[in-house]
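Let me begin by presenting the structure, written as structure tokens, before commenting on it.
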Amino acid sequence: MSVKQNYEDVQATLQAACKRTGRDPDLIHIIAVTKYVSIQRAKEAVDAGVLHLGENRPEEAIEKYDAIGGTATWHFIGNLQSKKVKKIIHAYDYIHSLDRLSLAKEINKRATESAKIKCFVQVNVSGESSKSGVTPDETLSFIEKLADYPSIEVVGLMTMAPLTDNKGILRETFKSLRELKDTIAAKNFAHAPCKELSMGMSNDFEIAVEEGATFVRIGSSLVGHDKEVKA
Ligand SMILES: *Cc1c(COP(=O)(O)O)cnc(C)c1O
């Protein structure tokens with residue numbers, strides 16, 4: 001399938017989910033996750049009209065950025081080692097995996113207050129030990145502490161749902177994240193407007209959109225796979 005065709009299919013699914021729930025599709029951003037594909041294929045996504053690209057390995061993240069450049073908005077979506085922050089910070093507009101103060105400190109050091117880095121706090125809603133992220137209980141106090149890092153703007157919360165076909169579990173996960181986001185947004189923190197929800201991947205984005213996602217991160221169903229994924 002061409003990326004263009006996949007993009008049309010994803011948009012149609014997203015629009016149907018919006019229609020069912022009375023949401024405005026224009027408020028939902030589709031991030032093409034290009035970690036499984038070549039630079040060429042990622043370029044196809046941009047040519048098909050995709051505005052947001054997501055990567056999860058710093059080296060490849062920069063290779064793709066250097067080849068494709070600033071026509072897209074760049075999202076770093078994976079676990080990020082503090083020592084790699086300086087590699088990506090000039091290129092990436094959003095970081096979806098802020099989950100510890102040591103990382104916040106490093107991001108703050110490398111960014112500037114005039115060009116804040118937009119961050120999602122990653123929350124481990126499902127509590128699986130294999131997943132990173134702060135616990136739902138820790139999220140508010142973690143975000144309060146982020147006020148000490150003026151180059152960081154907490155735009156929202158991110159989660160990865162469990163790998164399951166159980167729609168009830170998926171829906172509960174996304175709903176919990178939305179409720180947590182609403183609690184934090186209601187505090188009106190200057191450093192943490194927390195209005196956005198980064199949730200939903202190829203298998204579950206439809207449910208995530210129904211539950212309030214504003215950024216969906218889609219790899220397989222949008223750009224597919226054209227290379228081996230290194231562990
Ligand atoms: C790989 C990845 C995705 C996309 O996964 P697909 O199931 O291929 O859509 C989304 N979010 C994160 C954090 C990822 O690592």
Side-chain angles (χ1 to χ4, degrees), residues 1-3 5-14 17 28-39 41-42 44-45 48 50-65 72-81 84 88 92-100 103 118-134 155-167 169-170 173-174 177 196-231:
M1 272 303 186
S2 70
V3 179
Q5 182 60 53
N6 290 340
Y7 189 40
E8 283 169 13
D9 292 348
V10 166
Q11 283 176 308
T13 303
L14 188 147
I28 303 164
H29 310 286
I30 297 170
I31 302 171
V33 175
T34 54
K35 69 186 184 201
Y36 311 116
V37 300
S38 60
I39 288 171
R41 188 79 171 165
E44 270 181 58
V50 174
L51 303 172
H52 299 268
L53 297 185
E55 271 288 330
N56 70 341
R57 285 186 198 80
E59 283 74 17
E60 294 188 40
I62 282 307
E63 255 178 53
K64 287 216 176 67
Y65 173 82
T73 298
W74 293 82
H75 298 257
F76 194 87
I77 60 170
N79 179 45
L80 182 56
Q81 287 177 282
K84 301 285 182 169
I88 62 142
Y92 277 66
D93 306 285
Y94 289 83
I95 294 174
H96 290 241
S97 46
L98 179 55
D99 62 355
R100 55 195 193 279
L103 179 58
K118 298 183 178 77
C119 292
F120 287 88
V121 168
Q122 184 168 353
V123 184
N124 184 357
V125 176
S126 62
E128 291 164 286
S129 58
S130 61
K131 290 204 160 47
S132 32
V134 297
V155 294
L157 303 181
M158 177 273 208
T159 200
M160 288 179 77
L163 205 58
T164 173
D165 292 330
N166 184 319
K167 293 195 167 141
I169 293 176
L170 294 169
T173 305
F174 297 139
L177 194 72
E196 311 289 347
L197 282 173
S198 167
M199 58 189 198
M201 314 193 340
S202 291
N203 291 327
D204 55 21
F205 76 90
E206 202 173 341
I207 302 173
V209 166
E210 288 175 357
E211 293 302 328
T214 59
F215 286 85
V216 291
R217 310 177 308 266
I218 306 183
S220 321
S221 299
L222 184 50
V223 289
H225 296 236
D226 71 0
K227 68 178 173 70
E228 299 251 326
V229 182
K230 284 167 267 166

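As the structure is a computational prediction, the values presented were derived from the model and not from experiment. Below, all heavy atoms of this structure are taken into account, side chains as well, without hydrogens, waters or symmetry copies. We count ligands from 1, going down the list as the structure has it; atoms in each ligand are counted the same way. Counting begins at 1 with the first residue of the sequence.
When heavy-atom distances to ligand 1 are checked against a 4.0 Å cut-off, K35 comes that close only through its side chain, counted from C-beta outward.
Results of the side-chain contact (heavy atoms from CB on, under 4.5 Å) test with F205 over I30, I218, I28 single out I218 as the only residue that passes.
Inclusion of V33 in the set of residues having an N or O under 3.5 Å from an N or O of ligand 1 is not warranted.
Remark: ligand 1 atoms within the under-4.0 Å shell around heavy atoms of R217 are 4 (C), 9 (O), 10 (C), 11 (N), 12 (C), 13 (C). Annotation for ligand 1: atoms under 4.0 Å from non-hydrogen atoms of I218 are 9 (O). Within the listing of ligand 1, atoms 11 (N), 12 (C), 13 (C), 14 (C) sit less than 4.0 angstrom from a heavy atom of I77. Near Y36, the atoms of ligand 1 lying under 4.0 angstrom from a non-hydrogen atom of the residue are 1 (C), 5 (O), 8 (O). Taking every non-hydrogen atom of S202 and a distance limit under 4.0 Å, the qualifying atoms of ligand 1 come out as 6 (P), 7 (O), 8 (O), 9 (O).
With respect to atom 8 (O) of ligand 1, the closest heavy atom belonging to the protein is S220 OG, 2.5 Å.
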Report the C-alpha separation of V33 and M201 in whole Å, then their side-chain angles, then the decisive distance to 0.1 Å, and conclude whether the side chain to side chain contact (heavy atoms under 4.5 Å, CB included) test is met.
CA-CA 9 Å; V33 175; M201 314 193 340; over 6 Å; no
Go through M199 and E211 one step at a time and tell me if the side chain to side chain contact (heavy atoms under 4.5 Å, CB included) criterion holds.
CA-CA 9 Å; M199 58 189 198; E211 293 302 328; 4.1 Å; yes
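Judged purely by atom type and a 3.5 angstrom limit, T173 has no side-chain atom pairing as donor or acceptor with the backbone of S126.
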